[in-house]
Protein chains: 2
Amino acid sequence: MTSTDPQRPAVRPTRQRRAVASALAGFDDFRSAQEIHDLISQQGESVGLATVYRTLAALAEAGEVDMLRNEDGEAIWRSCSDTHHHHLVCRSCGATIEVEGPAVERWTNAIAAEHGYADISHTLEIFGTCPECR
Amino acid sequence: MTSTDPQRPAVRPTRQRRAVASALAGFDDFRSAQEIHDLISQQGESVGLATVYRTLAALAEAGEVDMLRNEDGEAIWRSCSDTHHHHLVCRSCGATIEVEGPAVERWTNAIAAEHGYADISHTLEIFGTCPECR
DNA sequence: ACTGTGGTGAGAATCGTTCTCATGTTGCCC
DNA sequence: GGGCAACATGAGAACGATTCTCACCACAGT
């Protein structure tokens with residue numbers, strides 16, 4: 001049970017990862033990797049852009065941040081709760097609200113099953129203009 | 001009503017646009033711009049890649065094709081029906097089924113209204129493995 | 001045919017993202 | 001407390017999709 005152990009952590013707590021986590025804690029809308037990189041610089045830390053990308057990808061993989069794509073296909077991130085959810089995002093200021101929709105989850109699974117599709121996942125984002133920006 | 005006429009076609013039927021339309025008619029899954037460009041070449045036509053991009057963007061704008069982003073953020077297109085719908089896409093072979101979900105439309109509008117968001121739009125795609133690829 | 005407004009294409013330019021690889025850190029066993 | 005192997009980092013190069021530039025071409029209406 002040593003060589004076949006799949007539980008190898010492989011993630012070490014480094015200064016850089018702490019800086020990224022700290023930056024993520026500082027906002028609650030979606031930001032691009034470059035914006036997050038800038039934020040870290042503003043906090044007086046120095047972390048390479050490549051490391052920011054690597055760390056964000058790892059956090060997304062671990063389910064600790066949400067990653068989605070804006071209209072230009074650019075990846076944007078934000079920290080998130082650990083339950084499955086979707087987002088209601090303000091098109092103007094970026095304000096984001098997490099929403100849950102068990103009915104939607106059920107619907108997507110039903111539709112997929114109906115067509116024989118397996119191993120289902122889905123993306124759902126809602127965009128609008130928030131009360132502040134009306 | 002001449003200078004303010006918003007109905008100016010501004011779109012001319014050229015050999016290139018016909019070639020793109022023809023290529024789009026030849027498949028019913030989502031393809032990248034480069035793949036569509038290759039398809040056109042295989043059909044014996046020659047159209048610049050930039051023109052393919054321009055034409056696809058115009059068609060998407062006009063609602064004649066759907067454009068979405070794959071997991072890498074790359075834009076992919078396919079021709080579509082003109083009613084609002086979503087897609088069930090095979091992660092492996094790209095086979096695509098258009099699906100409609102009035103309930104989802106209602107749900108997104110309700111959620112948005114509940115939080116005071118206006119001018120709502122949404123994106124929803126379902127990914128899975130189709131029966132063929134199981 | 002003539003002309004002006006779009007349209008086109010080759011290649012350069014952008015820009016987000018990933019890769020390379022030499023160097024710095026960390027965890028850990030002694 | 002030292003030593004080592006594995007993992008992490010960063011600077012910059014490389015990549016790849018998309019857009020821009022700009023000189024040239026084609027369509028539509030006279």
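Just so we're on the same page: letters track the sequence lines, and every chain starts at 1. Computation of the quantities below employed the complete heavy-atom set of this structure, encompassing side-chain atoms and omitting hydrogens, waters and symmetry-equivalent molecules.
- Atom OG1 of T108(A) and atom CG of L124(B) lie 7.5 Å apart (nearest 0.5 Å).
- One donor-acceptor pair, N or O on each side, does fall under 3.5 Å between the base of dG10(D) and the side chain of R54(A).
- The aromatic rings of H122(A) and H86(A) sit tilted relative to each other, their planes meeting at an angle between 30° and 60°.
- Residue Y53(B) contributes atom OH, which lies 18 Å from atom P of dT14(C) at whole-angstrom precision.
- A sub-4.0 Å separation between OP1 or OP2 of dG10(D) and a side-chain N or O of Q16(A) is present.
- Separation of atoms CG (D38(A)) and CD (Q34(A)) is listed at 7.5 Å; rounding is to 0.5 Å.
- Residues R18(B) and I76(B) each lie close to DNA chain D; by heavy-atom proximity, the contact nearer the 5' end of the strand is made by I76(B).
- Here dG16(C) presents its P atom at 19 Å from CZ of F30(A), a figure rounded to the nearest Å.
- The closest donor-acceptor contact from the side chain of H37(B) to the backbone of V47(B) lies under 3.5 Å.
- Mapped onto DNA chain D by nearest heavy atom, A75(B) and G48(A) fall at different nucleotides, with G48(A) at the one closer to the 5' end.
- Atom CD in E71(B) sits roughly 16 Å away from atom P in dA17(D) (whole-Å rounding).
- Comparing A50(A) and Q34(A) against DNA chain C, the residue whose closest nucleotide sits nearer the 5' end is Q34(A).
- Once rounded to the nearest 0.5 Å, the distance linking OG of S46(A) with CD of Q16(A) reads 8.5 Å.
- In this structure, the CZ atom of R15(B) is 15 Å from the P atom of dA28(D), given to the nearest Å.
- Considering every non-hydrogen atom in both A60(B) and M67(B), the closest pair reads CB-CB, 4.5 Å.
- Of the candidates dG10(D), dT17(C), dT18(D), dT18(D) carries the atom nearest the A33(B) side chain, counting heavy atoms from C-beta on.
- Taking 4.0 angstrom as the limit, T51(B) places none of its side-chain polar atoms (N or O) nearer than this to OP1 or OP2 of dG7(C).
- Atom P of nucleotide dA17(D) and atom CD of E35(B) are separated by 10 Å, given to the nearest angstrom.
- When the C1' atom of dG16(D) is taken as reference, atom CD of E74(B) falls 9 Å away, rounded to whole Å.
- Distances from the side chain of V47(A) to the nucleotides dG10(D), dT9(D), dG16(C) place dG10(D) closest.
- Per the geometry, CG belonging to D72(A) stands 11 Å off P belonging to dT18(D), to the nearest Å.
- Each end of the helix from dA1(C)-dT30(D) to dC30(C)-dG1(D) yields a helix axis from five base pairs, and these two axes differ in direction by 30° (to the nearest 10 degrees).
- Of the candidate nucleotides dT18(D), dT17(C), dA11(D), dT18(D) has the atom nearest to the side chain of L49(B).
- For residues 45-57 of chain B, every residue pair satisfying the salt bridge (charged side-chain N to carboxylate O under 4.0 Å, His left out) rule, not counting sequence neighbours, is listed here: R15(B)-E45(B).
- A close approach under 4.0 Å does not occur between any side-chain nitrogen or oxygen of T14(B) and OP1 or OP2 of dG6(C).
- Between N70(B) atom CG and dT17(C) atom P the separation is 13 Å, expressed in whole Å.
- Contacts of S32(B) with the nucleic acid, taken as non-hydrogen atoms under 4.0 Å apart, are absent.
- At a threshold of 4.0 Å, the pair E98(B)-R78(B) counts as salt-bridged, since one of the basic side-chain nitrogens sits closer than that to a carboxylate oxygen.
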